[in-house]
Amino acid sequence: MSNFRFHTPTRRNITEIVAKYSDHKPNLKIDFLSRCGYCNAPDSWKTAFYEVDHFIPVKRNKKIFLTIKSHTDYSNLVYSCRSCNNAKRNKWPTDDQNVSHKNDQGFVDPCDKDYLTHFDRDQIGNIVALTNLGRWMYLSMNLHKPHHKVIWQLEQLEPVIKQIKENDKLHILPEHIKDRIIKLFVAYDNYRDELRNL
């Protein structure tokens, strides 16, 4: 199984008419499991910086000129961190709203199970492109940025820290180990707070 993500998000069939596409954000947060559809970072690190992306960019989607509804069409929306949303923006190299990628350029909808075949993570959490199309998306969405690795590393530490805290409550840990662990927790908290304030 890939270390990139363990669940493929699934959009519900939401047809509710909304005034603006961002009104769908609470539902997208649920469907995308509170994670960016593109990089898989959990929104607990940068809650204020999660946005709603149009998978087919508005400027490329001819349907939006026909109705307001298509601008807010839930099936075209992605829960996205600001970093991925800003990097993707209006990129759509096929120039055809019905073709998301061609000749190893373009995008795969993050709700498509095929999305996972294009990415993995190395042992320290860097996102790695597995295909030529994955490499194109990796570069286009700046998936090489260091915060992707740092967030992944912190997320891996959380269950370990939780288990250590539970053992401490049971008085299983010797004092010399506790001192080292407390320093680790302090460092972890400092890095977490720094990342949340980026």
Side-chain angles (χ1 to χ4, degrees), residues 1-18 20-43 46 49-121 126-145 147-148 151-152:
M1 179 170 280
S2 170
N3 282 326
F4 179 69
R5 70 180 186 196
F6 298 105
H7 303 284
T8 298
T10 303
R11 290 184 199 90
R12 289 167 287 164
N13 184 26
I14 294 178
T15 56
E16 172 190 358
I17 304 286
V18 293
K20 52 190 187 302
Y21 67 91
S22 59
D23 291 343
H24 280 306
K25 188 175 178 181
N27 282 320
L28 289 165
K29 178 179 172 70
I30 293 168
D31 289 355
F32 283 79
L33 307 173
S34 298
R35 292 179 176 272
C36 174
Y38 299 113
C39 72
N40 200 48
D43 65 8
K46 291 184 174 181
F49 297 103
Y50 272 67
E51 302 172 338
V52 177
D53 175 58
H54 289 86
F55 178 65
I56 304 170
V58 173
K59 290 185 177 180
R60 306 289 182 158
N61 192 343
K62 296 181 178 85
K63 293 176 188 174
I64 70 151
F65 295 112
L66 302 176
T67 75
I68 296 298
K69 178 185 178 293
S70 54
H71 180 64
T72 61
D73 182 6
Y74 193 77
S75 67
N76 187 45
L77 302 178
V78 176
Y79 192 63
S80 175
C81 70
R82 179 170 286 177
S83 176
C84 288
N85 194 16
N86 283 346
K88 182 175 171 284
R89 299 189 75 69
N90 292 317
K91 294 174 185 160
W92 197 258
T94 69
D95 288 324
D96 181 341
Q97 70 184 29
N98 299 309
V99 179
S100 65
H101 56 88
K102 184 177 179 180
N103 300 326
D104 292 327
Q105 293 188 348
F107 298 96
V108 175
D109 186 328
C111 289
D112 187 328
K113 291 198 183 300
D114 188 45
Y115 189 85
L116 186 58
T117 66
H118 299 285
F119 301 106
D120 205 345
R121 290 197 187 256
N126 291 302
I127 296 173
V128 177
L130 300 176
T131 64
N132 289 334
L133 178 57
R135 180 80 179 154
W136 192 93
M137 289 187 283
Y138 174 88
L139 295 172
S140 295
M141 291 189 293
N142 296 328
L143 296 178
H144 50 80
K145 284 185 169 182
H147 73 271
H148 295 297
I151 290 170
W152 183 88

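The analysis underlying the following values was restricted to heavy atoms, covering all of them including side chains, and did not include hydrogens, waters or symmetry mates. In what follows, residues are counted from 1 in the order of the sequence shown.
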About how many Å separate [atom2] of [Y] and [atom1] of [X], when rounded to the nearest 0.5 Å?
| X | Y | atom1 | atom2 | answer |
| --- | --- | --- | --- | --- |
| Thr131 | Asp114 | OG1 | CG | 8.0 Å |
| Leu133 | Arg135 | CG | CZ | 12.5 Å |
| Ile17 | Asp73 | CD1 | CG | 9.0 Å |
| Leu116 | Phe4 | CG | CZ | 7.5 Å |

Q.
Please check if the number of heavy atoms outside Arg12 that lie under 6.0 Å from its CZ is greater than 12.
A. yes
Q | Thr94/Asp96 under side-chain hydrogen bond (donor to acceptor under 3.5 Å, both in side chains): CA gap, chis, key distance, verdict | A | CA-CA 5 Å; Thr94 69; Asp96 181 341; 5.8 Å; no
Shortest non-hydrogen contact from [X] to [Y]?
| X | Y | answer |
| --- | --- | --- |
| Glu51 | Arg82 | OE2-NE, 2.6 Å |
| Val52 | Ser22 | CG2-CA, 4.2 Å |
| Met137 | Gly106 | CG-O, 3.1 Å |
| Arg121 | Cys39 | NH2-O, 3.2 Å |
| Pro57 | Asn90 | CB-OD1, 3.7 Å |

Quick one: side-chain contact (heavy atoms from CB on, under 4.5 Å) partners of [X], sequence neighbours excluded?
| X | value |
| --- | --- |
| Trp136 | Pro93, Gln105, Phe107, Ser140 |
| Leu33 | His7 |
| Asp109 | Arg11, Phe55, Cys111, Asp112 |

Return yes if some donor-acceptor pair links the side-chain N/O of [X] with the main-chain N/O of [Y] below 3.5 Å, else return no.
| X | Y | answer |
| --- | --- | --- |
| His24 | Thr72 | yes |
| Asn76 | Ile56 | yes |
| Tyr115 | Tyr38 | yes |
| Tyr74 | Leu28 | yes |
| Asn85 | Ser80 | no |
| Asp120 | Asn3 | yes |

Can you tell if the side chain of [X] reaches within under 4.5 Å of the side chain of [Y], non-hydrogen atoms only?
| X | Y | result |
| --- | --- | --- |
| Leu77 | His54 | yes |
| Leu143 | Phe119 | yes |
| Cys81 | Met141 | no |
| Pro110 | Asn40 | no |
| Lys88 | Asp53 | yes |
| Tyr50 | Lys29 | no |
| Asp31 | Pro9 | no |
| Arg5 | Thr8 | yes |

**Q.** side chain to side chain contact (heavy atoms under 4.5 Å, CB included) between Cys84 and His148, worked out
**A.** CA-CA 10 Å; Cys84 288; His148 295 297; 4.3 Å; yes
Q | Residue list, side-chain hydrogen bond (donor to acceptor under 3.5 Å, both in side chains) with Lys20, at least two apart or on another chain | A | Asp23
Q: Dump the intermediate steps for side chain to side chain contact (heavy atoms under 4.5 Å, CB included) on Tyr79 and Arg35, then the final yes or no.
A: CA-CA 7 Å; Tyr79 192 63; Arg35 292 179 176 272; 5.9 Å; no
Q) How would you list all residue pairs meeting salt bridge (Lys or Arg N to Asp or Glu O under 4.0 Å) that involve residues 98-108, not counting sequence neighbours? A)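 Not a single pair qualifies under salt bridge (Lys or Arg N to Asp or Glu O under 4.0 Å).
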**Q.** ring pair (Phe, Tyr, Trp, His ring centres under 6.0 Å) against Phe32, all qualifying residues, sequence neighbours excluded
**A.**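 Partners of Phe32 under the ring pair (Phe, Tyr, Trp, His ring centres under 6.0 Å) test: none.
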